[in-house]
Amino acid sequence: MNTRIAFSEIPKELMAHMTDAENYISTIGFDFKLLELIRLRVSNINHCAYCIDMHFKEAMAAGEDTQRLYSVSDWKQVPYYSAEEQACLAWAECITLPHQKHDEQGLFENLSVFFDKQQIANLTFMIIQINAWNRLMKSFGIEAGNYQVSR
């Protein structure tokens, strides 16, 4: 893939707003490994190779299990995701694939077992944010494979 817009060519204001959103997400109190699992699943759905590479590496650095990461694209078929994780992944798929038929009320009720409305709103925003990153990276043709975890 040819890079169409390099990171250095992305308008500073755009990156500042995206970074501000990421900074907000880092304060909402969700477990980092859960957020990375969701980000990886959404990136898989959107076929964003750059973000798949990034979030796989970030999750591994945070101590996530390799099996859970490579299985997340078929999370409904395996027994090693908690009910809370399943509720979050189902919600992420609903938000990411709005053209598909979903039992939105049922999915919301499942989330409500684990989270209050404010947390669900924040989780929804995080899902929207990773969808935005996926679309930017794919549109700009950012090459996958070079992401380095910085901790």
Side-chain angles (χ1 to χ4, degrees), residues 1-66 68-75 81 84-105 107-108 110-112 114-151:
M1 173 184 288
N2 293 334
T3 301
R4 292 178 282 277
I5 299 176
F7 274 111
S8 62
E9 298 171 314
I10 299 172
K12 288 181 176 56
E13 297 81 10
L14 169 61
M15 288 303 288
H17 289 296
M18 295 296 285
T19 301
D20 285 346
E22 289 301 320
N23 290 337
Y24 174 74
I25 290 166
S26 72
T27 70
I28 62 178
F30 282 89
D31 178 69
F32 182 75
K33 289 192 323 188
L34 173 63
L35 295 181
E36 287 303 306
L37 197 65
I38 295 166
R39 288 174 175 134
L40 182 60
R41 177 62 187 129
V42 170
S43 297
N44 276 314
I45 292 168
N46 290 325
H47 304 280
C48 181
Y50 179 85
C51 295
I52 291 168
D53 177 57
M54 170 191 258
H55 296 295
F56 188 93
K57 289 173 179 175
E58 286 287 343
M60 288 295 296
E64 183 57 85
D65 181 71
T66 306
R68 287 168 39 87
L69 294 175
Y70 69 66
S71 300
V72 74
S73 62
D74 206 14
W75 62 270
Y81 298 102
E84 178 181 319
E85 290 167 334
Q86 291 175 24
C88 291
L89 291 166
W91 189 247
E93 290 181 0
C94 177
I95 301 303
T96 303
L97 299 166
H99 60 282
Q100 291 185 357
K101 185 172 173 51
H102 301 279
D103 175 13
E104 294 166 3
Q105 187 60 36
L107 294 174
F108 186 87
N110 286 343
L111 275 178
S112 297
F114 305 102
F115 307 110
D116 63 29
K117 288 181 180 181
Q118 183 176 4
Q119 291 171 311
I120 294 170
N122 283 326
L123 179 67
T124 303
F125 178 70
M126 187 280 299
I127 296 164
I128 292 166
Q129 177 72 356
I130 187 57
N131 273 284
W133 278 118
N134 290 166
R135 283 154 176 78
L136 286 173
M137 296 301 100
K138 283 183 62 86
S139 297
F140 298 165
I142 303 295
E143 183 179 341
N146 298 318
Y147 181 79
Q148 300 289 320
V149 175
S150 59
R151 288 191 200 180

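Values in this document were obtained by computation on a predicted structure and should not be read as measured data.
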Drop me the distance from [X]'s [atom1] to [Y]'s [atom2], to the nearest 0.5 angstrom.
X	Y	atom1	atom2	result
S112	K117	OG	NZ	7.5 Å
M15	I10	CE	CD1	5.0 Å
E143	M137	CD	CE	13.5 Å
L37	E85	CG	CD	6.0 Å

Q) salt bridge (Lys or Arg N to Asp or Glu O under 4.0 Å): which pairs involve residues 119-128, sequence neighbours left out? A)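 Qualifying pairs, neighbours excluded: none.
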- Not counting sequence neighbours, list each pair that qualifies as a salt bridge (Lys or Arg N to Asp or Glu O under 4.0 Å) and has a residue in residues 46-58.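 Qualifying pairs, neighbours excluded: D53-K57, E58-R151.
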Quiz item: Can you name the residues that form a side-chain contact (heavy atoms from CB on, under 4.5 Å) with A132, not counting sequence neighbours?
Solution: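 Residues passing side-chain contact (heavy atoms from CB on, under 4.5 Å) with A132: M18.
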Next on the checklist: Restricting to side-chain contact (heavy atoms from CB on, under 4.5 Å), what partner residues turn up for S26, sequence neighbours left out?
Outcome noted: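 S26 satisfies side-chain contact (heavy atoms from CB on, under 4.5 Å) with no residue once adjacent residues are dropped.
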Mark yes or no for whether N46, through its side chain, and C48, through its backbone, hold a donor-acceptor pair below 3.5 Å.
->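 Looks like no, no N/O pair under 3.5 Å.
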*Got a donor-acceptor contact below 3.5 angstrom from the H102 side chain to the L97 backbone?*
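Looks like yes, one N/O pair under 3.5 Å.
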Exercise for the section: Only counting residues at least two apart or in another chain, list the ones meeting ring-ring contact (aromatic ring centres under 6.0 Å, His included) with F115. Expected result: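 By the ring-ring contact (aromatic ring centres under 6.0 Å, His included) rule, F115 matches F30.
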By ring-ring contact (aromatic ring centres under 6.0 Å, His included) - contacts of Y81 (at least two apart):
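Y81: no ring-ring contact (aromatic ring centres under 6.0 Å, His included) contacts found.
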Using the test side-chain hydrogen bond (donor to acceptor under 3.5 Å, both in side chains), find all partners of [X] that sit at least two apart in sequence or belong to another chain.
X	value
S139	none
E13	none
Y24	N122
T124	W91

Qualifying residue, where the test is side chain to side chain donor-acceptor pair (under 3.5 Å) with T96 and the options are N44, N131, N134: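 The passing option is N131.
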For E22, salt bridge (Lys or Arg N to Asp or Glu O under 4.0 Å) partners two or more places apart: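 With neighbours one apart ignored, the set is R39.
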Next item on the list: Please list, chain by chain and in numerical order, all residues satisfying salt bridge (Lys or Arg N to Asp or Glu O under 4.0 Å) with R41, sequence neighbours excluded.
Entry: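 Here the qualifying residues are E93.
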Is there a side-chain contact between E64 and E36, using heavy atoms and a 4.5 Å cut-off?
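The answer is no; the side chains never approach within 4.5 Å.
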Just so I know, are the side chains of Q86 and N110 near enough to count as touching, which here means a heavy-atom distance under 4.5 Å?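 Contact flag for Q86/N110 side chains = no.
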- side chain to side chain contact (heavy atoms under 4.5 Å, CB included) between I28 and Q119, intermediate numbers included: CA-CA 8 Å; I28 62 178; Q119 291 171 311; over 6 Å; no
Query raised in the report: For atom CD of Q118, is the number of surrounding heavy atoms from other residues, nucleotides or ligands below 6.0 Å larger than 12?
Result: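 Counting neighbours around CD of Q118, 12 or fewer heavy atoms of other residues, nucleotides or ligands fall under 6.0 Å, so no.
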